[in-house]
Amino acid sequence: MVNYGLLGKVAVVTGVSRRKGIGAAIANAFAASGVNVFTTYYRQYDELMPWGSNANEAEEIITSLKSYRVKVAGFEANLADSRVPKQIFDRAESDVGKVDILVNNAAYDWQGDIYALSADLLDAHYAVNIRGTTLLCAEFAQRHDAREGGRIINLTSGQSLAPMPDNLPYAITKGAIEALTISLSASLAPKGITVNAVDPGATDTGWMNAEFRAQLEVNAPFGRVGTPQDAARIVLFLASSQAQWITGQIIRSRGGQ
């Protein structure tokens, strides 16, 4: 295994509720590299999604991560609640240690075009995808001293590469995350904190039906769609000491698409 220099570091990874998800793959990659991991999850959101919710899956992921002999804990957190970012960091520091790495993976996604928009739908996306993510970044920054260093890695999508007319609220908020990433990187550079975003492209986390997946594979340069492990590998690199000169970047890890 590549030595990423992460042994003993502490990472918060949001949105770790399903074994097939990107969050679980990232948490597993960290734990395998000796990182102490604090996860968040929100089962009520999963219950609304086509994949549904396994009541014990988030806890089972935490248990499996402990097999790497690192500190692991988790917290059920609704990022739409503005009090939650502080609670996450308080719990993480208490349970696994001071946080060195923040991965903003959790997101709210409910499809809707311009004709289906409502204030409530927009607010639901904003509260999690923009406000929740930004407050987590702010909490991370406030708890770091000058030149102490750290990593913030946001997950984004390809909304700036092509139109997403049927998923407008999500596209709007993910566009904001890319803007946040670029500007925040300049704000936090004096503290040695890098801020980057990863766009993993079309990734099979259990939501693709066979027909849609086949359509994507036909047009994919490598003849396949992305896997959660693909996303986890680039996140692991960006979290490492080897990526200390990379900041303010939107990494398009999309298999050539």
- request: For the pair C137 and N154, evaluate side-chain contact (heavy atoms from CB on, under 4.5 Å) and give the outcome as yes or no after the intermediate values.
  value: CA-CA 10 Å; C137 292; N154 301 318; 4.3 Å; yes

task: Kindly compute the distance separating CG (L180) from CG (N129), expressed to the nearest 0.5 Å.
output: 12.0 Å

- prompt: Looking at CG of L236 and CD1 of I26, how far apart are the two atoms once the value is rounded to the nearest 0.5 Å?
  reply: 9.5 Å

message: Does the plane of the ring in F38 sit parallel, tilted or perpendicular to the ring in F75? Use 30° and 60° as the thresholds.
response: tilted

message: If you apply the rule side chain to side chain donor-acceptor pair (under 3.5 Å), what do you find for T133 with N104, and how did you get there?
response: CA-CA 6 Å; T133 295; N104 287 306; 4.6 Å; no

message: Do Y42 and V128 have side chains that approach each other closer than 4.5 Å (heavy atoms only, starting at C-beta)?
response: no

Side chain proximity check, V37 to V96, heavy atoms < 4.5 angstrom: no

message: Could you tell me if the side chain of Q111 sits less than 4.5 Å from the side chain of Y170, heavy atoms only?
response: no

- prompt: If you draw a 6.0 Å radius around NZ in K174, do more than 12 non-hydrogen atoms from other residues or ligands fall strictly inside?
  reply: yes

message: Less than 4.5 Å apart, side chain to side chain, heavy atoms only: is that true for P169 and L117?
response: yes

- request: Measure the shortest side-chain to side-chain distance between P200 and L155 over non-hydrogen atoms and say whether it is less than 4.5 angstrom.
  value: yes

R143 side chain near K86 side chain, heavy-atom distance below 4.5 Å: yes

query: Atom CD1 in I177, atom CD1 in I182: separation rounded to 0.5 Å?
result: 11.5 Å

